[in-house]
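A quick write-up on the structure given underneath.
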Amino acid sequence: MRRHKTTAVLVLGLVATMSAPARADADRPAPDRHTPGPRPGPAVAPTTIRLPNGFRPEGIAIGPGPVAYFGSMADGSLYRADLRTGRGAIFSRGPGTPSLGMKTDGRGRLFVAGGTGGDARVVDVRTGRVLASYRLASGPAFVNDVIIARGAVWITDSTNPVLYKLPLRGGRLPAAAVRIPLTGDLVYGPGFNANGITPTPDGRGLLVVQSNTGGLFRVDPATGATRRVDLRGESLPEGDGLLLRGRTLFAVQNRRNVVAVLRLNAAGTEGRVVRRVGDDRFDVPATVAAFGSRLYLPNARFDAPDPQRTWYNAVAIPDPER
């Protein structure tokens with residue numbers, strides 16, 4: 001009798017198995033219908049973004065959204081990357097002269113400093129088309145970094161003691177740039193002078209770092225008069241890109257392979273270095289931009305022996321203030 005019961009159970013189990021739909025996880029216990037199944041977690045954005053070999057990145061701009069733009073010192077081409085995946089491509093071919101500092105605005109425009117080309121241009125971030133170009137200097141120049149503030153685009157020149165201003169009245173691009181001579185404490189010398197630029201915390205002035213001296217200066221945007229920022233005996237040698245958030249200033253010191261973190265007063269006349277942040281992946285980072293809880297820095301690798309055959313990338317580090 002026990003044998004017949006066992007056989008019946010086996011037959012019923014076989015019939016049930018044959019009539020059920022095939023499943024890859026048929027050998028696993030069925031989940032309770034009141035308990036949701038496992039869901040894939042969010043993809044983690046990469047902390048290293050590969051750029052084309054020989055690209056020679058220098059400037060970076062981020063946004064709107066998780067999109068980064070990089071400029072090539074080699075030929076001025078522009079590269080667009082998705083920060084969520086790290087994938088990207090060149091979307092605007094360069095003019096053969098460098099692309100250095102850059103910033104985007106809310107109208108889908110990318111403002112690009114032209115380095116030794118002595119110019120600046122405005123590029124549509126969707127199509128890569130050049131919307132406008134500006135001849136800024138007729139002689140030797142190193143048109144270096146860009147910020148958008150006070151209703152205008154401001155551009156530094158590391159060779160000539162001048163700021164270039166592109167007024168954006170109603171968002172319209174101007175016909176020509178305005179030259180504002182720099183006077184006062186910022187005195188040009190051999191090497192790279194005015195480099196990174198950003199607004200003061202109160203928005204009334206501009207801050208410029210001088211690479212060869214390590215000085216940080218407040219600039220009156222109306223007159224070009226400069227005043228040295230009191231950093232309590234500190235300096236920022238090899239200072240390059242600047243990024244302001246609130247009263248915190250991030251200053252890249254490129255060949256030092258660090259980012260200095262400073263606290264400023266509202267007017268930007270005083271500050272102190274609270275820490276310097278490094279990373280094993282830094283290889284002469286040049287500029288800095290932020291997205292989410294990260295800072296992104298392109299490795300310019302200025303000391304590479306054969307730049308045309310060198311690999312390049314940008315790296316993300318945790319925001320040290322979040």
Give a yes-or-no answer on whether the side chains of [X] and [Y] include a donor-acceptor pair shorter than 3.5 Å.
{"X": "Tyr134", "Y": "Asp119", "answer": "no"}
{"X": "Thr310", "Y": "Arg56", "answer": "no"}
{"X": "Asn144", "Y": "Thr156", "answer": "no"}
{"X": "Asn299", "Y": "Asp283", "answer": "no"}

Answer yes or no: does atom [atom1] of [X] have more than 12 heavy-atom neighbours from other residues, nucleotides or ligands under 6.0 Å?
{"X": "Arg245", "atom1": "CZ", "answer": "yes"}
{"X": "Asp280", "atom1": "CG", "answer": "no"}
{"X": "Arg204", "atom1": "CZ", "answer": "no"}

How long is the span from the [atom1] atom in [X] to the [atom2] atom in [Y], to the nearest 0.5 Å?
{"X": "Leu295", "Y": "Ile317", "atom1": "CG", "atom2": "CD1", "result": "5.0 Å"}
{"X": "Ile197", "Y": "Ile147", "atom1": "CD1", "atom2": "CD1", "result": "7.5 Å"}
{"X": "Leu216", "Y": "Leu262", "atom1": "CG", "atom2": "CG", "result": "7.0 Å"}
{"X": "Leu78", "Y": "Arg121", "atom1": "CG", "atom2": "CZ", "result": "5.0 Å"}
{"X": "Asp230", "Y": "Arg272", "atom1": "CG", "atom2": "CZ", "result": "12.5 Å"}
{"X": "Asn265", "Y": "Arg218", "atom1": "CG", "atom2": "CZ", "result": "9.5 Å"}

### Task
Using the side-chain hydrogen bond (donor to acceptor under 3.5 Å, both in side chains) rule, take Asn195 and Ser211 through it: C-alpha gap first, then chi angles, then the decisive distance, then the call.
CA-CA 6 Å; Asn195 195 334; Ser211 298; 2.9 Å; yes

#### Entry: Side chain to side chain, Val122 and Leu110, heavy atoms closer than 4.5 Å
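Counting from C-beta outward, Val122 and Leu110 never come under 4.5 Å.
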
### Query
Are Phe217 and Arg227 close enough that some pair of their side-chain heavy atoms sits under 4.5 Å apart?
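A side-chain contact under 4.5 Å is absent here.
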
### Task
Please step through salt bridge (charged side-chain N to carboxylate O under 4.0 Å, His left out) for the pair Arg263 and Glu270, ending with a clear verdict.
CA-CA 8 Å; Arg263 295 277 193 277; Glu270 298 177 4; over 6 Å; no

### Parallel, tilted or perpendicular: rings of Phe192 and Phe142 (30°, 60°)
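The arrangement is perpendicular - the two ring planes meet at more than 60°.
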
### Stepwise side chain to side chain contact (heavy atoms under 4.5 Å, CB included) check, Phe55 with Tyr79
CA-CA 9 Å; Phe55 188 76; Tyr79 187 93; 3.7 Å; yes

### ILVMFWY network linking Phe91 to Ile60, side-chain heavy atoms under 4.5 angstrom
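No.
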
Is the shortest side-chain N to carboxylate O distance from [X] to [Y] below 4.0 Å?
{"X": "Arg93", "Y": "Asp75", "answer": "no"}
{"X": "Asp105", "Y": "Arg107", "answer": "no"}
{"X": "Arg276", "Y": "Glu234", "answer": "yes"}

### Task
Could you pull out all residues at least two apart from Arg50 that satisfy salt bridge (charged side-chain N to carboxylate O under 4.0 Å, His left out)?
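Listed in chain order: nothing, the list is empty.
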
### Query
Are Arg80 and Tyr69 in a cation-pi setup, meaning NZ or CZ lies under 6.0 angstrom from the ring centre and within 45 degrees of the ring axis?
no

### Task
Walk me through it: do Asn53 and Tyr312 pass the test side-chain hydrogen bond (donor to acceptor under 3.5 Å, both in side chains)?
CA-CA 6 Å; Asn53 287 356; Tyr312 291 95; over 6 Å; no

### Message
Please determine whether side chain to side chain contact (heavy atoms under 4.5 Å, CB included) holds for the pair Val315 and Asn313, giving the CA-CA distance in whole Å, both sets of side-chain angles, and the decisive distance to 0.1 Å.
### Response
CA-CA 7 Å; Val315 297; Asn313 63 19; 4.1 Å; yes

